[in-house]
Q: 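Once you've had a glance at the structure underneath, I'll fire off some questions.
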Amino acid sequence: MEKFAVVSNTENGERIISSHPVLKRLPVKYARLALKYIYARKTGIIIDNEDNTELGYIIDVPGFFMDWHKLSGTEKIRYVKGMARVLDDLNVFHICFPHVYEYFGYEEVSYLESRGFTILDCYLQRSSGLLLVLNQLLNIMKRDMPFLNTGIWGADTDEGRVWVEALADKVNNMCIGGSSLKALSILADRVLRTTGLSCQITTDARVCLNSKNIAVIARPTDAKYNLVKPSFHFAVARDYAFGGIPVTPDIGIYVVEMAWIDFPRELSAGVGLKPWEELGVLEGLIYNVSKVYREDLIKQRVSLGQLQRLNAIYGLYPLKVLGFVQKGCRIHFDRIRMDYFRIKRRWLNDNKNRGNNTP
């Protein structure tokens, strides 16, 4: 099995300092000042505990948490070259980096690919997990599904069409939006023929997403919109900056960034892993063991069939979905279930005199 590297953007330097033979002996103030002279460092080793085999590594890049977006193109390439040298020394050529397109542009990606590195953005893994989350949430809300409003922005993209297909036979109210009115009309006609669901179509993100219980972002948008409570917001656009989701955090409004999957007990990394790092580990493992998954990645398009095949691979291990990740924090389904029905009871009590008992 070929080793892989999970590139992290979640650390603030503590892992680098504690793993460095010199910096860990310095006062913290001076050690942190020295981080700008380190381009990348191995801070963890992913091990199969059953046979003590090294599967891959955790790589931290100080530049990511030291005003990366203010660096010049030359400075960014310098960090990328430093990371490449570290990976060369480790004899690793598969890079698992869920946030690669938040940090690397065309020049950085081209440089790494020219050096023979395969860059894996974990997008199919994340999308597959989000569909599993969706299915579990729909089970929680199944009695209310006829009354829930759904909006899918970017339905004219591959990612958006996947979510239209996944939801069309489960909801009664759906608005699909995007930039191509023609593509949206064709998709709406197909949904009507195959499921009987008539979709509203729009090229205005606010119309698509306002007052929705389930909102799916498959195309980046800066439009402000309101969600009704309880509601779930799925951020599925490949190039969407997760920190910029225009939803005010509130009980009953959940931003679903990725699935929280029970990390395999037989694996360890020597350091505590954040959710995005665990996703990178799963990407490296499945990329190595599944020829079907590698072939799906080569296609460079997203389909519901691809995600369902990946869900089947999860079932072989098995990998259990416990909840989802919101703003980097793990949210268990049990909490969602309690919140959902508490909010629903409050809504019903507030509206019992209106003769309206829908959520």
Side-chain angles (χ1 to χ4, degrees), residues 3-20 23-24 31-32 34-47 54-69 71 75-105 108-109 111-112 117-123 125-126 129 235 238-243 257-261 263-264 267-288 325-330:
K3 295 178 183 178
F4 57 89
V6 176
V7 176
S8 173
N9 71 327
T10 61
E11 264 299 312
N12 60 6
E14 301 305 322
R15 282 201 307 222
I16 296 175
I17 293 172
S18 63
S19 67
H20 197 282
L23 297 188
K24 67 181 180 181
R32 295 192 67 82
L35 286 176
K36 63 183 178 181
Y37 300 106
I38 298 175
Y39 294 125
R41 182 167 178 81
K42 179 190 72 177
T43 56
I45 303 175
I46 303 157
I47 294 176
E54 289 188 7
L55 302 175
Y57 307 99
I58 305 296
I59 303 295
D60 282 309
V61 179
F64 291 160
F65 47 84
M66 296 177 68
D67 293 327
W68 175 265
H69 297 292
L71 298 179
E75 291 172 312
K76 290 179 180 179
I77 281 292
R78 191 179 301 125
Y79 274 100
V80 172
K81 289 181 177 180
M83 186 178 75
R85 287 194 296 271
V86 170
L87 296 177
D88 279 336
D89 291 342
L90 294 170
N91 196 30
V92 168
F93 292 95
H94 301 316
I95 302 173
C96 306
F97 190 8
H99 294 91
V100 58
Y101 297 114
E102 279 188 49
Y103 291 88
F104 293 167
E108 292 84 14
V109 171
Y111 173 80
L112 289 170
F117 293 101
T118 301
I119 301 175
L120 306 172
D121 66 2
C122 310
Y123 184 77
Q125 295 275 355
R126 182 164 68 86
R238 188 185 296 266
D239 54 349
Y240 202 36
F242 299 101
E257 298 175 356
M258 59 173 282
W260 170 17
I261 296 176
F263 196 67
L267 300 181
S268 63
V271 294
L273 297 179
K274 300 293 177 59
W276 291 102
E277 295 168 330
E278 292 182 351
L279 178 67
V281 173
L282 291 178
E283 176 80 356
L285 289 174
I286 294 180
Y287 182 84
N288 267 321
V325 175
Q326 172 179 272
K327 299 293 185 180
C329 298
R330 298 176 176 91

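In what follows, every heavy atom counts, from backbone to side chain, and hydrogens, waters and symmetry copies are set aside.
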Q: Tell me the closest heavy-atom pair linking C122 and G280, and the distance in Å.
A: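 Shortest heavy-atom separation between C122 and G280 comes out as SG-CA, 4.0 Å.
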Q: Applying side chain to side chain contact (heavy atoms under 4.5 Å, CB included) to L120 and F4, what does each step give before you reach the verdict?
A: CA-CA 10 Å; L120 306 172; F4 57 89; over 6 Å; no
Q: If I take atom OH from residue Y57 and atom SG from residue C96, how far apart are they, to the nearest 0.5 angstrom?
A: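 Nearest 0.5 Å value for the OH-SG distance: 13.5 Å.
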Q: Going by heavy atoms in the side chains, are E108 and I77 under 4.5 Å from each other?
A: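 When only atoms from C-beta onward are counted, I77 and E108 do touch, with a gap below 4.5 Å.
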Q: For N9 and V61, run side chain to side chain contact (heavy atoms under 4.5 Å, CB included): C-alpha distance rounded to whole Å, both residues' side-chain angles, the deciding distance at 0.1 Å, then the answer.
A: CA-CA 7 Å; N9 71 327; V61 179; over 6 Å; no
Q: A31: what forms a side chain to side chain contact (heavy atoms under 4.5 Å, CB included) with it, not counting sequence neighbours?
A: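 Here the qualifying residues are I17, L23, L26.
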Q: Tell me which donor-acceptor pairs under 3.5 Å the side chains of residues 83-95 have, and how far apart each pair is, sequence neighbours excluded?
A:
| from | atom 1 | to | atom 2 | distance (Å) |
| --- | --- | --- | --- | --- |
| D88 | OD2 | R115 | NH2 | 2.1 |
| H94 | NE2 | E2 | OE1 | 2.5 |

Q: Before you tell me yes or no, could you show the steps for L273 and I58 under side chain to side chain contact (heavy atoms under 4.5 Å, CB included), namely the whole-Å CA-CA distance, both residues' side-chain angles and the distance that decides it to 0.1 Å?
A: CA-CA 9 Å; L273 297 179; I58 305 296; 3.8 Å; yes
Q: Please check this pair: side chain of W68 against backbone of Y103, looking for a donor-acceptor N/O pair closer than 3.5 Å.
A: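 Indeed, once roles are kept as given, a pair shorter than 3.5 Å links the two residues.
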Q: In Å, rounded to the nearest 0.5 Å, how long is the span from CG of L267 to CD1 of I46?
A: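 Here the interatomic distance stands at 8.0 Å.
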Q: Taking the side chain as every heavy atom from C-beta outward, state whether F65 and L35 have any atom pair closer than 4.5 Å.
A: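 Of all side-chain heavy-atom pairs linking L35 with F65, at least one is under 4.5 Å.
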Q: Any heavy-atom pair between the side chains of K274 and S8 that's under 4.5 Å?
A: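 No - every pair of side-chain heavy atoms lies 4.5 Å or more apart.
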Q: How long is the span from the CG atom in L71 to the CE atom in M66, to the nearest 0.5 Å?
A: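 That separation rounds to 9.0 Å.
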Q: Under a 4.5 Å cut-off applied to non-hydrogen side-chain atoms, are S19 and R41 in contact?
A: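 Result yes, sub-4.5 Å side-chain heavy-atom pair found.
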Q: State, to 0.1 Å, how close Y79 and I38 come at their nearest heavy-atom pair, and which atoms those are.
A: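 Here Y79 and I38 meet closest at CE2-O, 3.8 Å.
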Q: Would a 4.5 Å heavy-atom cut-off, applied to side chains only, mark R126 and L279 as touching?
A: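 The answer is yes, as the side chains (C-beta and beyond) meet within the 4.5 Å cut-off.
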Q: Is there side-chain contact between N288 and L55, with at least one heavy-atom pair below 4.5 Å?
A: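 SC-SC contact between N288 and L55 ruled out.
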Q: Quick one: closest heavy-atom pair of P275 and V325, and the distance?
A: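 The answer is CB-CG2, 3.6 Å.
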Q: Checking K81 against Y111: is there a side-chain donor and acceptor pair closer than 3.5 Å?
A: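 No donor-acceptor contact under 3.5 Å links the two side chains.
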Q: Would you check if K42 and I45 make a side-chain contact, meaning some heavy-atom pair closer than 4.5 Å?
A: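 Answer yes - side chains close enough.
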Q: Does a side-chain N-to-carboxylate-O contact under 4.0 Å join E277 and R15?
A: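 Looking at R15 together with E277, the answer is yes, because their closest N to O distance falls below 4.0 Å.
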Q: Determine the sole option in Y123, W276, F104 for which the ring pair (Phe, Tyr, Trp, His ring centres under 6.0 Å) test with H99 is passed.
A: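 The ring pair (Phe, Tyr, Trp, His ring centres under 6.0 Å) with H99 is passed solely by W276 among Y123, W276, F104.
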Q: Would you call E102 and F97 a side-chain contact if the rule is heavy atoms closer than 4.5 Å?
A: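 A side-chain contact is absent here, since even the closest heavy-atom pair is not under 4.5 Å.
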Q: Restricting to non-hydrogen atoms, name the atom on E14 and the atom on R32 that form the minimum distance, rounded to 0.1 Å.
A: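 Result for this residue pair: OE2-NH1, 2.9 Å.
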